[in-house]
Amino acid sequence: MPKTKEKPFAKPFDGAISKFYEKEFPKPLHRAIEKAGRKDILSPDYPYRKRLNGEAYDAAYDLLQIELVKMQSWATQTGARVVIVFEGRDAAGKGGTIKRFVENLNPRGARIVALAKPTERERGQWYFQRYIPHLPGAGEIVFFDRSWYNRAVVERVFGFSSDAERELFFQQVPEFEDMLVRDGIKLFKIWLTVGRAEQMRRVLARESDPLKQWKLSPIDVNSLSQWDSYSEAIQEMFQRSHLPQAPWTVIRSDDKRRARIAAIQAVLSDLPYTHKLTEVARVPDPEIAGGPGLLDNA
């Protein structure tokens, strides 16, 4: 009996991402993607030329997983409340990094919050209101896969909010986050930044993979031509929300493995949990993790 030939999966949005890549994407970056090997780092300013090898990654990762379990045990016993906000450009690795945080945590005390677009009722509320019910109780760790900072970047780029609404947001966000911190919440704000060529390579891979196509949305497609607009919005966001009481940690995620290690280290190194191995839960590599100044080279 002859084998049935499998039909290829259709590309989402009628192949709009591939079409943009072939017709509109900057030619020098296009050539860099075509020439690069799978393990090559595409950004010329990234401090490493190859991604972290699997053996080194696994060794560091396994030790950090033990530290994360210790940290959660400390949070449970002490009633600590931890909020970790993940933001970044599309395909910067937010979801994958969060997945590595929670892999071995007890789901009863660790939650991922990824809110859909606001409902009509929510649009009529105080902007921060819909995030408040998701804040942690005693002993909980909450991961925000995108957060209230949608107003600062995505909504600016696509005109989903007015200048007056964003100005009010920037006036209120220091007060909002200061209230969280003064109430005892351990707040971390992590921005994953990725070079334009690497972002394109990842988005193309998603377009071709039927198991990852769900990650794409019309916003992702439209974002491809808005790189400079995003850059302007991101710069304003850091200028107005990199606060002493709630600073941003910027992580260059051109190498996902290094970025995941750095993100976990950034959180663990700043929490006073018991039985910490400081040589494992140390401050992350300053070449790829630090303040907003790292964006200058991204």
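We number each residue from 1, following the sequence as shown.
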Next on the checklist: Does anything in residues 89-101 form a side-chain hydrogen bond (donor to acceptor under 3.5 Å, both in side chains)? List the pairs, not counting sequence neighbours.
Outcome noted: Arg89-Ser231, Asp90-Arg146, Asp90-Ser223
Tell me if the [atom1] atom of [X] is crowded by more than 12 foreign heavy atoms within 6.0 Å.
X: Glu24; atom1: CD; answer: yes
X: Arg121; atom1: CZ; answer: no
X: Lys117; atom1: NZ; answer: no
X: Lys276; atom1: NZ; answer: yes

Checklist entry - In the hydrophobic clustering that connects Ile, Leu, Val, Met, Phe, Trp and Tyr at side-chain heavy-atom distances below 4.5 Å, which members other than Tyr21 occupy its cluster, ordered by chain and number? => result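 Once heavy-atom contacts under 4.5 Å are chained together, Tyr21 belongs with Phe13, Ile17, Phe20, Phe25, Leu29, Ile33, Leu42, Met200, Val203, Leu204, Leu216, Val221, Leu224.
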Can you see which heavy atom on [X] is nearest to which on [Y], and at what distance?
X: Ala262; Y: Ile251; value: C-CD1, 3.9 Å
X: Gly54; Y: Arg257; value: N-NH1, 3.2 Å
X: Met237; Y: Ala152; value: CG-CB, 3.8 Å
X: Ile84; Y: Phe101; value: CD1-CE2, 4.2 Å
X: Gly37; Y: Arg201; value: O-NH1, 3.3 Å

Checklist entry - Are Tyr48 and Glu287 linked by a side-chain donor-acceptor pair shorter than 3.5 Å? => result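 No, no side-chain donor-acceptor pair sits under 3.5 Å.
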Checklist entry - Regarding Ser18 and Glu22, is there a side-chain donor-to-acceptor distance under 3.5 Å anywhere? => result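 Side chains of Ser18 and Glu22: no pair found under 3.5 Å.
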Salt bridge or not for [X] and [Y], using N-O below 4.0 Å?
X: Asp183; Y: Arg81; answer: yes
X: Asp40; Y: Lys50; answer: yes
X: Glu177; Y: Lys189; answer: yes
X: Glu67; Y: Lys70; answer: yes
X: Arg111; Y: Glu140; answer: yes
X: Lys19; Y: Asp14; answer: yes
X: Glu167; Y: Arg240; answer: yes

Checklist outcome for this item: side-chain hydrogen bond (donor to acceptor under 3.5 Å, both in side chains) filter on Arg51, not counting sequence neighbours, yields none
Checklist entry - Relative to the ring of Phe128, is the ring of Phe169 parallel (under 30°), tilted (30 to 60°) or perpendicular (over 60°)? => result parallel
Next on the checklist: Side chains of Leu135 and Leu180, heavy atoms from C-beta outward: is any pair under 4.5 Å?
Outcome noted: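 Answer yes - side chains close enough.
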Checklist entry - After noting the C-alpha distance and the side-chain angles of Glu120 and Arg123, does the key distance pass the salt bridge (Lys or Arg N to Asp or Glu O under 4.0 Å) rule? => result CA-CA 5 Å; Glu120 282 296 324; Arg123 278 195 283 269; 2.4 Å; yes
Item to check | For Trp148, the option from Trp126, Tyr131, Tyr127 that meets ring pair (Phe, Tyr, Trp, His ring centres under 6.0 Å) | outcome: Tyr131
